[in-house]
A.B. asks: 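There's a structure below that I have some questions on.
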Protein chains: 2
Amino acid sequence: MPPRKPASVNIKDVARHAGVSLGSASRVVNNVANVGEETRAKVLAAIEALGYRPNHAAQSLRSRSTRTIGCLVTDVANPLYAQLFRALEERFLAEGYLLLLANGLNDPDREIALLNLFRLRGMDGVVIAPGNERHAGVLKAVAALEMPAVVLDRDLASRHDKVQFDHAAGMKAAVAYLAGLGHRRIALVQSQSSNRPMRRRAEGLRAACRSHGLAFDDRWLVQLPSSTSSAYDAVAALLAAPDRPTALLVQGTSILVETLNAVSAAGLSMPRDLSLMSIGDPDFAVHHAPPLTALRVDLHAVADRTAERLLARLGGETAEAVSLRVPSELIERGSCGPAP
Amino acid sequence: MPPRKPASVNIKDVARHAGVSLGSASRVVNNVANVGEETRAKVLAAIEALGYRPNHAAQSLRSRSTRTIGCLVTDVANPLYAQLFRALEERFLAEGYLLLLANGLNDPDREIALLNLFRLRGMDGVVIAPGNERHAGVLKAVAALEMPAVVLDRDLASRHDKVQFDHAAGMKAAVAYLAGLGHRRIALVQSQSSNRPMRRRAEGLRAACRSHGLAFDDRWLVQLPSSTSSAYDAVAALLAAPDRPTALLVQGTSILVETLNAVSAAGLSMPRDLSLMSIGDPDFAVHHAPPLTALRVDLHAVADRTAERLLARLGGETAEAVSLRVPSELIERGSCGPAP
DNA sequence: TTGAAAGCGCTAACAT
DNA sequence: ATGTTAGCGCTTTCAA
C-alpha cells in the first residue's frame, strides 16, 4: 500500500527503542514540558542511536504549520530585491523559517498563479511586492491570502500590513541638500516603468522642487522607454543643452554606469562641473572616483520591520493592519558640490 | 484534538457532495485515468462549488513528494546567482516545482545547516553551489543528501551530477582572441577568493598564455584582497608601469566599474590604447562607450542542463553520475582592438 | 508524568 | 470504472 518502502525510522521506532510511549517520544522531540528526566534521556539516546529525523510533511499536516515563508518579488536579478531577500533570510532563518522565492516579473498572470501556489502550499506567511498593484486579478489574489502577509513598497489596497519606502521624503531630502549647495536645475534619470517607486520619486521630485521655489522643466525628467534603450545618449543630449542641469539624480545601476560614462565623455568633472547623486547604492559607488553620494533605503531596516510584522502576526497578533514607512538615508560622499 | 478547527473543505467533503467515493474524487483531482465522464464532471462541479483546494502537507505525507527544489547558492546578491536562479525557476515552475532559496555566504557551518534543513524538509531535489568545496563537514553534508542533487560549478567530490562552467576553455578562447590581435601582455583583475571559478580562471590564463608563447608576469595577476579594497588604485598602478599590459581581463561588476574608471582617469582610450574584456556580462556592457567585449557563460544553458539532469533523476533515472561542461561564449563588442 | 488513541487529509492497493 | 480501506508520521487530548 505505501508508494515506496522508505525504511525511514519514525517516532514510533524511537518510542519502541526507548521503551516509552509514542506520546513521550513526541514530547521530547518537541521540547514540551512535563517530561521526566529519565524518559527524556532514554528518548534522546534512541534518537541518537537510530538517527531519527522528524518527517516534516507529517508535522505540517498535524500542526498545520509549514514553517515556510513565501516571497514574491518582481525580480531577484534586481540587486535591491536580492539584498532584501538576503536580509529577510537572516531574520527568518533565525526563527526557523525557510524561504520560498518566486519572481513575478511584472506579469500579472504569473503573479496571480504564484500567489495561489503560496496559498496551496500552505505558507505560514508571505512577503509580497507584486509589480501590478492595480491589477484587479492581482488584488483579488492578494485579498484571498488567508495567512499573514506583508506588502512591500506597494500601494495596493489590502487588509495586510505594509512596509513602505519613503520615496517622496527621500527626494525631498535630496533636493533640499542640492538646493542648499546652490543648485537650481536638477534632473532625474530613471527607467520608464509605471510602478510605484518610480512614480513616487518623479512626483516627489516635482513637489520638492516646487517647495524650494525651483522651476522644474519636463526635459529634466528623463524616463528611458525600455531597458534596451541607451541612457548614454539621453544623458549626453541633456548635458549638451545650454541650460543643462547642474545636478543629476540617477536611478538604477545600469543607467548610472551609462550616465557616468556620458558625463566623462562630455568632459565634465564631478563635483566641479556637475553634481550627481545615485538613487540606490551599488557596491562600486564607494570606490568610484569621486565616490558617489547616494540616496538609499536601509534594507536591513526594511527587513527588520517586515520580519517583525510577520512574526507578530504569526504569533497571533490580531491588531489592525499597520503601514510602516522606512526613511531614506542620504550618504554624502564626493560627487555633489556647490553649483558651478 | 485538532490544534485548530480549520473548517477547511477536504476531499471527503468533495466526494460526499459529488455523491461518489473518496477514491474517485482523488482520481479526478490527480488526473488519473480510468475515470468515467460523468463521475469526473460531478467531482469537478463539487470542487468548484465547495472551493476545494488540496492540502499539500497531506499530499506530501502520502505521496512522499514535496514538489519543492532546494537551491543553495553562495549569495543571490551576486548577479550571476540571481540570474541563474531566475533561469532555474523558469524550468522548474513549468514542471510544477517551487524553489526554496538559501544563501550559504561562504560559511561552512551555515552551509551544513542549510543542507541538513533541505534534507529535513524533504526536498525532492536540490541544486547546490557550496562555497566550501573542500570542507570536510560540507562534503559530509553533501554526501548525506539522499535526494537527487546537481552540483553547480564546484569541484567537490560527490556521487551527484555536476554542471560545470568551462572557465579554463573560456580563458583559452579569450587569450587566443587577444593574441590574434597582437597582444602579448595580458592582465587579469579579479577579487582574491580561493573558490573554484576564480582559481580556475587564473590557472586557465597562465596555461593559455604559455601555450601561445606569451610570458606571464605575476604583476599582471591582480587579485584584490577583499571587497573593501579598491580596484581603482590597483589598476591605476598597473597602467602606470612602463611595460603596462595592453589588454585587461576584468572579473566582477564592481571591479569592472572601478577599472573602467581608472582607465579613463589614466587618459587611455579603448580600444586604441588598451583592450578590455569583461568576464561576466553585466547589463550595462552593451550600452557602454565603447560597448564592452565580454566572456560569459550562457546561464540559460546552465539552467537547462541542470534542470534536465535533476528532472531525469526525479523521473527515476539511475544511471551513473555525469559531469556536464557548459562552454563560455565570447561576445565581441567594441572594447578590444589591435595591440598598440 | 506517562500511555493510549484519535485523527490531520490524502493516495493507492485491493476488491468489486 | 468505482468503492473500500489501510495507512503515511505525527501531535495532542484524554484518562490514568
Side-chain angles (χ1 to χ4, degrees), chain A residues 1-44 46-47 50-67 96 119-122 124, chain B residues 1-44 46-47 50-67 96 119-122 124:
Chain A
M1 184 158 325
R4 280 180 275 159
K5 182 82 263 189
S8 127
V9 11
N10 59 28
I11 200 168
K12 219 165 144 185
D13 300 325
V14 171
R16 191 173 334 113
H17 186 103
V20 301
S21 77
L22 204 86
S24 292
S26 174
R27 280 182 275 260
V28 172
V29 169
N30 294 293
N31 271 311
V32 176
N34 294 337
V35 179
E37 217 28 75
E38 197 189 349
T39 306
R40 153 161 278 112
K42 282 193 293 189
V43 173
L44 257 17
I47 288 174
L50 267 36
Y52 166 73
R53 289 174 309 136
N55 179 310
H56 185 74
Q59 289 181 315
S60 292
L61 174 56
R62 194 53 237 248
S63 65
R64 306 198 155 291
S65 158
T66 56
R67 298 210 71 87
R119 232 149 56 89
L120 226 46
R121 294 299 193 95
D124 284 354
Chain B
M1 188 160 320
R4 280 180 275 160
K5 181 82 268 192
S8 129
V9 9
N10 60 28
I11 200 169
K12 222 165 145 185
D13 300 325
V14 171
R16 191 173 334 113
H17 185 104
V20 302
S21 76
L22 216 124
S24 292
S26 174
R27 279 181 278 260
V28 172
V29 170
N30 295 294
N31 271 313
V32 175
N34 295 338
V35 180
E37 218 27 77
E38 196 189 351
T39 305
R40 153 162 277 111
K42 282 193 294 187
V43 173
L44 256 17
I47 287 174
L50 268 35
Y52 167 74
R53 289 173 309 135
N55 178 310
H56 184 74
Q59 289 182 315
S60 292
L61 174 57
R62 192 56 235 243
S63 66
R64 306 196 154 289
S65 158
T66 56
R67 297 210 73 85
R119 231 148 56 91
L120 227 44
R121 295 298 193 95
D124 284 354

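Computation of the quantities below employed the complete heavy-atom set of this structure, encompassing side-chain atoms and omitting hydrogens, waters and symmetry-equivalent molecules. Naming convention: chains lettered A, B, ... in sequence-line order (proteins, then strands); numbering from 1 in each chain.
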A.B. asks: Quick one: OG on Ser63(A) to NE2 on His56(A), what's the gap to the nearest 0.5 Å?
C.D. replies: 7.5 Å

A.B. asks: How far does CG of Leu50(A) sit from CZ of Arg16(A), to the nearest 0.5 angstrom?
C.D. replies: 9.0 Å

A.B. asks: What's the CZ-P distance between Arg27(B) and dC14(C), to the nearest Å?
C.D. replies: 14 Å

A.B. asks: Give a yes/no answer on whether the side chain of Ser24(B) brings an N or O atom under 4.0 Å of OP1 or OP2 in dG3(D).
C.D. replies: yes

A.B. asks: Decide yes or no for Asn31(B) and Arg40(B): does some side-chain heavy atom of the first lie under 4.5 Å from some side-chain heavy atom of the second?
C.D. replies: yes

A.B. asks: Please confirm whether any donor atom in the side chain of Arg62(B) sits under 3.5 Å from an acceptor in the base of dG9(D), or the reverse.
C.D. replies: no

A.B. asks: Roughly how many Å is it from CD1 in Ile11(B) to C1' in dT11(C), rounded to a whole number?
C.D. replies: 8 Å

A.B. asks: Taking atom P of dC10(C) as reference, at what distance in whole Å does atom CZ of Arg53(B) sit?
C.D. replies: 11 Å

A.B. asks: Please report the end-to-end axis angle for the helix from dT1(C)-dA16(D) to dT16(C)-dA1(D), five pairs per end, rounded to 10 degrees.
C.D. replies: 30°

A.B. asks: Is there a side-chain contact between Arg27(A) and Asn34(A), using heavy atoms and a 4.5 Å cut-off?
C.D. replies: no

A.B. asks: So, does Asn55(B) get its side chain near the phosphate of dC8(C), meaning an N or O under 4.0 Å from OP1 or OP2?
C.D. replies: no

A.B. asks: Under the 3.5 angstrom rule, does the side chain of Ser65(B) hit a backbone N or O of Ser60(B) as a donor-acceptor pair?
C.D. replies: no

A.B. asks: If you check the Leu22(B) side chain, which of dT4(D), dT2(C), dG9(C) turns out closest?
C.D. replies: dT4(D)

A.B. asks: Rounding to a whole Å, what distance do you find between Tyr52(B):OH and dG9(C):P?
C.D. replies: 10 Å

A.B. asks: Under 4.0 Å, counting only non-hydrogen atoms across every strand here, what does Val29(B) touch: a base, just sugar-phosphate, or nothing?
C.D. replies: nothing

A.B. asks: Looking for any heavy atom pair under 4.0 Å, which part of the strands does Val20(B) touch: base, sugar-phosphate only, or nothing?
C.D. replies: sugar-phosphate

A.B. asks: OP1, OP2 of dT11(C) versus side-chain N and O of Ser26(B): anything below 4.0 Å?
C.D. replies: yes

A.B. asks: Are Ser60(A) and dC8(C) close enough that a side-chain N or O sits under 4.0 Å from OP1 or OP2?
C.D. replies: no

A.B. asks: Rounding to a whole Å, what distance do you find between Asn31(B):CG and dT11(C):C1'?
C.D. replies: 15 Å

A.B. asks: Quick check for you: among dT2(C), dG9(C), dG9(D), whose closest atom lies nearest to any side-chain atom of Ser8(B)?
C.D. replies: dG9(C)

A.B. asks: Tell me the interatomic distance from Asn10(A), atom CG, to dG7(D), atom P, rounded to whole angstroms.
C.D. replies: 13 Å

A.B. asks: Would you mind reading off the distance between Arg64(A) atom CZ and dG9(D) atom C1', rounded to a whole angstrom?
C.D. replies: 15 Å

A.B. asks: To the nearest 0.5 angstrom, please state how far the NZ atom of Lys42(A) sits from the NE2 atom of His17(A).
C.D. replies: 11.5 Å

A.B. asks: Does the side chain of Asn30(A) get closer than 4.0 angstrom to OP1 or OP2 of dT11(D) through an N or O atom?
C.D. replies: yes

A.B. asks: State whether Gln59(A) places a side-chain N or O below 4.0 Å from either non-bridging phosphate oxygen (OP1 or OP2) of dT11(D).
C.D. replies: yes

A.B. asks: Hey, what do you get for OG (Ser8(B)) to CZ (Arg53(B)), rounding to the nearest 0.5 Å?
C.D. replies: 7.5 Å

A.B. asks: Ser21(B) side chain N/O closer than 4.0 Å to the phosphate oxygens (OP1, OP2) of dT2(D)?
C.D. replies: no

A.B. asks: Return whichever of Ala33(A) or Gly23(A) has its heavy-atom-nearest nucleotide of DNA chain C closer to the 5' end.
C.D. replies: Ala33(A)

A.B. asks: With sugar-phosphate meaning primed atoms plus P, OP1 and OP2, does Val32(A) contact a base, only sugar-phosphate, or nothing at under 4.0 Å between heavy atoms?
C.D. replies: nothing

A.B. asks: Output the distance between atom CG (Asn10(A)) and atom CG (Leu22(A)), rounded to the nearest 0.5 Å.
C.D. replies: 8.0 Å

A.B. asks: Quickly work out the Leu61(B) CG to dT11(C) P distance and round it to whole Å.
C.D. replies: 11 Å

